[in-house]
Amino acid sequence: MEIAAVRGTRDILPGESRLWAWVEEAARRTCARYHYEEIRTPIFELAALFARGIGEVTDIVEKEMYTFVDRGGRELALRPEGTAGVVRAVLEHKLYAGPLPVKLFYVGPMFRYERPQAGRYRQFTQFGVEAFGSADAALDAEIISLGISFLTEVGLKEWELRLNSIGCPVCRGPYRELLRSRLEPLRHELCVSCQQRLDRNPLRVLDCKEEGCRRLTEGIPPIDEYLCPECRRHWESVQEHLNALGIPFRRYPRLVRGLDYYTRTVFELVTIGLGSQDAVLGGGRYDGLAEMMGGPSVPAIGFAAGLDRLLLGLEAAGTLPEPGPEVDLYVARVGDVPQAQVLRLVTELRRQGLRVDMDFLGRSLKTQMKTADRLGAVFTLVVGEGEWERGEVLLRRMSDGSQEVLPREGLAEKVAERLAAAQAIARGEV
RNA sequence: GUGAGCGUAGCUCAGGUGGUUAGAGCGCCAGGUUGUGGCCCUGGAGGUCGUGGGUUCGAGUCCCGUCGCUCACCCCA
């Protein structure tokens, strides 16, 4: 086999796929509780959408997009994140003209051309939430609360909420200039990438991990001391709401995030045990994005959670759910019973709603039992020559090995009864 | 794009200083019980040692290239 899954992509095999279904269900359940509804947007869009939405000078747009030209000459790109497409859809369908706020979520694959490493893939899956049409700080708190509810729902207990406000264009301008004027004289002492950041997006110097850069920026007052009155009020209100909800957070002045569209609130939920890719959920407010994309001014806030990363974190924490039984019933065939009749019986049982499998390899009873055991079958139905000729089958309860002979007629109902009883006992209800 | 580490059975890995038929555990299949799972025992199948070249009487082992994977930087979920 010389053809393998391409770099940065991977197959989710049975065993892991059940975990994905479980995480996505948790996301859907959580969204339902907060009344956020699902939106499904295309996996590819015009490349210009992302350039305009995310920012021309971001790494994502400059070097990480999967772009291609289709047969019609359109410049397209696989979506590198979810927000731009959702905003496009909201504008295109004028959802902002309906009941507000518009509260949406999505789950699906995103694509970025980066070097893969732990918790980072070229195709990865994000669960994201966006709310449009309100600048109320209570909505910021709701979104953050939703994010935490989701993490709680999947059993992630160790997290830290990092929170900051990066203001609006009005207050960010002067602060950017302050940064420039303070750092320009020290330019040669900054790391190479920070020297570039100084020209392009000075805010990003703040979250550089280089020790040297950190020291140089230590004395600079945090951005939240430079917020305009409206942004300051919003920032304080967000914190008050979180306090009222009992959600602990850490003010994190260095948190600025890399996407251009953020305004005011930015936040990150980080987890432990994930190496350097520990941010499992991140987002913020983007009040200017709709307008930047040619629509009316629609304030909005959202987050995206990396599900690949989240699953890694849960695995590291050892809190993933145990696999349950794969079938309710395994049907074992012994002797000269025609396979066609067994298949028919199995199909009847399945039509009753039971989860049933059977042997297709003509293996020994012992091996079939072993298979039933491995699948976690609650019962094994032994279809043997003798009983079959008398119109009977043998039902074995795997937990204790007890067996009973049942008539072939009306079997599905009987098995369903026994199964319900066994499951009630397993749940400790009896 | 930069740096480092690693490629041996389906999986996880052993294989001092080069030496004959390349091993283990788990998994799979069969048997021990001619109709009964978990535990145990026996046997079996399964490997171009990533790949190409070089050194050598001889390379899984040493050298170089190449491909792949992993981790980190960058950035981000």
Side-chain angles (χ1 to χ4, degrees), chain A residues 1-8 10 13 15 54-55 57-64 79-83 107-129 147 191-194 196-197 201 204 207-210 255-259 267-271 274-283 302-313 330 332-337 361-388 393-403:
Chain A
M1 252 297 275
E2 80 247 20
I3 297 183
V6 307
R7 188 169 172 74
R10 65 207 177 112
L13 304 177
I54 299 166
V57 298
T58 55
D59 279 15
I60 292 179
V61 169
E62 279 188 334
K63 50 186 196 190
E64 294 174 2
R79 61 185 188 190
E81 55 101 57
T83 301
V107 183
M110 307 294 163
F111 306 84
R112 289 183 203 170
Y113 192 89
E114 300 178 89
R115 286 284 282 266
Q117 68 186 73
R120 192 170 71 189
Y121 307 93
R122 289 182 171 178
Q123 175 178 336
F124 57 105
T125 302
Q126 283 189 337
F127 156 50
V129 162
C191 72
V192 183
S193 44
C194 276
Q196 292 172 13
R197 290 178 182 137
N201 190 353
R204 296 208 51 87
D207 71 349
C208 182
K209 285 163 193 147
E210 291 289 329
L255 180 66
V256 299
R257 302 188 58 77
L259 279 50
F267 64 96
E268 243 174 39
L269 281 156
V270 301
T271 182
L274 268 189
S276 59
Q277 308 298 320
D278 61 353
V280 79
L281 187 154
F303 71 69
L307 298 188
D308 308 78
R309 238 173 236 191
L310 179 60
L311 279 169
L312 282 177
Y330 192 84
R333 179 176 65 117
V334 204
D336 277 337
V337 183
L361 297 172
R363 292 181 298 186
S364 67
L365 177 61
K366 177 195 172 96
T367 307
Q368 295 183 67
M369 294 292 297
K370 196 177 277 189
T371 300
D373 187 53
R374 184 167 43 80
L375 297 181
V378 184
F379 290 99
T380 298
L381 193 70
V382 180
V383 180
E385 232 177 309
E387 299 98 319
W388 190 253
V393 291
L394 189 65
L395 185 69
R396 179 184 178 87
R397 186 161 68 192
M398 297 302 274
S399 57
D400 62 359
S402 64
Q403 306 188 149

Rounded interatomic separation in angstrom, taking [atom1] from [X] and [atom2] from [N]:
| X | N | atom1 | atom2 | answer |
| --- | --- | --- | --- | --- |
| R122(A) | A77(B) | CZ | P | 18 Å |
| I60(A) | A77(B) | CD1 | P | 6 Å |
| R7(A) | C71(B) | CZ | C1' | 12 Å |
| D308(A) | A77(B) | CG | C1' | 8 Å |
| R115(A) | U2(B) | CZ | P | 7 Å |
| R374(A) | C26(B) | CZ | P | 16 Å |
| M398(A) | G38(B) | CE | C1' | 8 Å |
| L255(A) | A77(B) | CG | C1' | 13 Å |

Main-chain N/O of [Y] paired with [X] side-chain donor or acceptor, under 3.5 Å:
| X | Y | answer |
| --- | --- | --- |
| D308(A) | R120(A) | no |
| Q368(A) | R333(A) | yes |
| R396(A) | T380(A) | no |
| R397(A) | S402(A) | no |
| R10(A) | A5(A) | no |

Can you find a heavy atom in the side chain of [X] that is under 4.5 Å from one in the side chain of [Y]?
| X | Y | result |
| --- | --- | --- |
| Y330(A) | L381(A) | no |
| K63(A) | E114(A) | no |
| T371(A) | R363(A) | yes |
| F127(A) | L281(A) | no |
| R79(A) | P109(A) | yes |

Contacts of V334(A) that satisfy side chain to side chain contact (heavy atoms under 4.5 Å, CB included) - sequence neighbours left out: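 Once residues adjacent in sequence are excluded, the partners of V334(A) under the side chain to side chain contact (heavy atoms under 4.5 Å, CB included) criterion are L365(A), V382(A).
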Base versus backbone protein contacts along nucleotides 31-36 of chain B [heavy-atom cut-off under 4.0 Å; B, S, -]: SB--BB
Contact under 4.0 Å: R120(A) side-chain N or O vs C73(B) OP1/OP2: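 So the side chain of R120(A) is outside the cut-off, no N or O lying under 4.0 Å from OP1 or OP2 of C73(B).
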Phosphate contact (A72(B) OP1 or OP2) by Q117(A) side-chain N/O below 4.0 Å: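 For A72(B), OP1/OP2 do have a side-chain N/O of Q117(A) under 4.0 Å.
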Can you check the distance between [N] and [M], where both ends of the measurement are the [atom1] atom (answer in whole Å)?
| N | M | atom1 | result |
| --- | --- | --- | --- |
| U8(B) | G46(B) | C1' | 14 Å |
| A24(B) | G19(B) | C1' | 22 Å |
| A14(B) | G25(B) | C1' | 10 Å |
| G5(B) | C62(B) | P | 14 Å |
| A9(B) | A22(B) | C1' | 11 Å |
| A30(B) | G16(B) | P | 37 Å |
| G54(B) | G60(B) | P | 15 Å |
| A59(B) | U21(B) | P | 11 Å |

Students often get this wrong, so: under 4.0 angstrom with heavy atoms, is [X] touching a base, only sugar-phosphate, or nothing?
| X | value |
| --- | --- |
| Y121(A) | base |
| G335(A) | nothing |
| A372(A) | nothing |

Base-pair map of RNA chain B as dot-bracket, where | denotes pairing with a different strand and pairs are Watson-Crick or G-U under 3.5 Å: (((((((..((((.....[...)))).(((((.......))))).....(((((..]....))))))))))))....
Upstream residue (5' side of RNA chain B) when Y113(A) and S402(A) are each assigned their closest nucleotide: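 Final value for this comparison: Y113(A).
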Toward the 5' end of RNA chain B, by each residue's nearest nucleotide, V6(A) or E268(A): V6(A)
A30(B) base / R363(A) side chain donor-acceptor hit below 3.5 Å: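 Side chain to base: no pair below 3.5 Å.
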Residue A279(A), side-chain atoms from C-beta onward, closest of C73(B), A77(B), A30(B):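 Among C73(B), A77(B), A30(B), the one nearest the side chain of A279(A) is A77(B).
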